[in-house]
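For reference, the structure is listed below as C-alpha cells.
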Amino acid sequence: MIHRTASSWQRNDKKDHRISLKEINTPSLTWQQHLQQAVTEPTELLSLLSIPHEHLAAAIQASQLFPLKVPKTFLDRIEKGNLNDPLLKQILPIGAESLVVDGFSKDPVEEQKDQPAGMIQKYHGRILLMVNGHCAINCRYCFRRHYPYADNRLNREQWQAAFEQIASDDSISEVIYSGGDPLASSDKQLHWITDHLAQIPHIKRLRIHTRLPVVIPHRITDETLEWMSSTRLSTVVVLHINHANELNDTFLRKQLHKMRLAGITLLNQAVLLKGVNDTIEDLTALSESLFDAGIIPYYLHTLDPVDGAAHFDVEITKAKALHQQMVARLPGYLVPKLVKEEANQPSKTSL
Ligand SMILES: *Cc1c(COP(=O)(O)O)cnc(C)c1O
Ligand code: SF4
C-alpha cells in the first residue's frame with residue numbers, strides 16, 4: 001500500500017512538472033518564432049491532432065490550392081481527433097475546396113479592380129491600407145485566398161505617397177490597417193506609419209483589423225501597447241473570432257485585458273460559417289464569451305462567395321433567422337450587425 005501511494009505521488013509530481021515547464025516555455029518564444037514554427041505540412045497537422053490518415057490525400061491536394069498554415073498556439077485550442085471541432089474546420093484543407101460552384105469566384109468583392117497599390121477607399125471617410133500581405137493563419141473560407149498579396153505591399157516611397165494622398169483629402173477621418181494581417185508587420189514599422197498618420201490633422205481614428213493576437217497572443221508586446229496607446233488617434237482594434245473556443249486561452253485573455261487597460265477599444269467581426277458557428281447556441285456563446293473578454297461584437301458577415309469555400313455557405317434565409325433569434329435572446333449590445341459585402345455600395349449591406 002505504502003509503495004503504491006508513493007509511486008502514484010511520484011507520477012503526479014512528474015505530470016505537474018511537465019505542465020509547469022510548458023507554461024514557462026511557451027511565453028518565452030517571441031511571436032515571430034511562433035509564426036516561423038507554424039504548421040504548414042498536412043502530415044504534421046494530422047499527426048499533432050490525431051486525425052486519421054485517410055484524410056491526408058485530400059489535405060495535401062487542397063493545400064496546393066491555398067497553403068496550410070496554422071501556428072501551434074492555435075492548435076492548442078483544438079480537440080484532438082474531433083473532425084467536427086469548430087476551430088479545426090477553419091484551418092484543415094479538405095476535398096470540397098476543389099468543387100466548382102456557380103456564383104463563387106476568385107475576386108468576389110471586386111477588390112482587385114481600379115485601386116492604387118496598397119490602398120482601398122470604398123466608403124466615405126475611411127481608407128483601408130494594406131499594411132502587410134501575410135497572415136499568421138490561413139483560414140480556409142477567406143475571400144483573399146486568391147488575392148495577389150505580393151503586388152500590394154508598399155515600399156517607403158509608396159508609403160510617402162499614401163500619406164500625401166490621405167493628407168490631401170480632408171474627408172478622411174479614419175485609417176484602417178488591413179492586409180493580410182497588419183500585425184504581421186513589425187511594431188517598429190507600425191509605429192512609424194502611425195506617427196505619420198497622427199501628423200495629419202483631419203485623421204481622428206486608427207482602426208486595426210487583425211486576427212493575429214487571437215492566433216498568437218504573444219503578438220501583443222509592450223511595444224505594441226506603446227504605439228497603439230501613445231498616439232493622439234483613438235485606437236480601435238477589430239479582432240476576428242468566429243467561435244467561443246478561440247477564446248479558451250488564459251494568456252490570450254490576459255493580453256486582451258492589457259489592451260483594454262491601455263485604452264484600446266476592442267470589437268469583433270465574425271464570419272457566419274456552416275459547421276463552425278451556424279447554430280443559435282454557438283452564436284450566443286460567442287457573443288457572451290467576447291463580452292467576457294472585453295470585446296464588443298460588431299459584425300457578423302455572410303461568407304464572401306470565393307472559389308473553394310462554398311461548403312461553408314449558410315443560406316441567406318437561415319442567416320437572417322439565426323440573427324433574429326440572437327435579437328430575441330441577447331441584450332442589444334451583444335447582437336452583431338448581420339452584413340454582406342457587395343461591390344459598388346456606399347457601405348456594407350445590412351441584412
Ligand atoms: C469593411 C470595410 C471598411 C470598414 O467598414 P465599416 O462599416 O466602417 O466597418 C472600410 N473599407 C473597406 C474597403 C472595407 O471593406
Ligand atoms: S486572418 Fe483574415 S485575411 Fe488572413 S486568412 Fe484568415 S480570414 Fe483571411
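Read the numbers this way: they start at 1 and go in the same order the structure lists the ligands and their atoms. Computed from a predicted structure; not experimentally measured.
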Polar proximity ligand 1 side, Y123 side, N/O cut 3.5 Å exclusive: no

Polar atom proximity, R126 to ligand 1 (N or O, under 3.5 Å): yes

Residue C135, metal atom 4 (Fe) of ligand 2, N/O/S under 2.8 Å: yes

Ligand 1 contacted by R207 (non-hydrogen, < 4.0 Å): yes

Ionic contact status for E288 with R329, cut-off 4.0 Å: no

Under-4.0 Å heavy-atom contact with ligand 1, by part of Q121 that carries it: neither

Under-4.0 Å heavy-atom contact with ligand 1, by part of I176 that carries it: side chain

Atom indices of ligand 1 within 4.0 angstrom of I120 heavy atoms, with elements: 13 (C)

Atom indices of ligand 1 within 4.0 angstrom of L128 heavy atoms, with elements: 11 (N), 12 (C), 13 (C), 14 (C)

pair P86-D282: side-chain heavy atoms closer than 4.5 Å: no

ring-ring contact (aromatic ring centres under 6.0 Å, His included) partners of residues 163-189, not counting sequence neighbours, each pair once: W159-F163, F163-W192, F163-H196

Of all pairs that satisfy salt bridge (charged side-chain N to carboxylate O under 4.0 Å, His left out), the ones with a partner from residues 197-215, not counting sequence neighbours: E174-R205, E174-R207, R211-E246

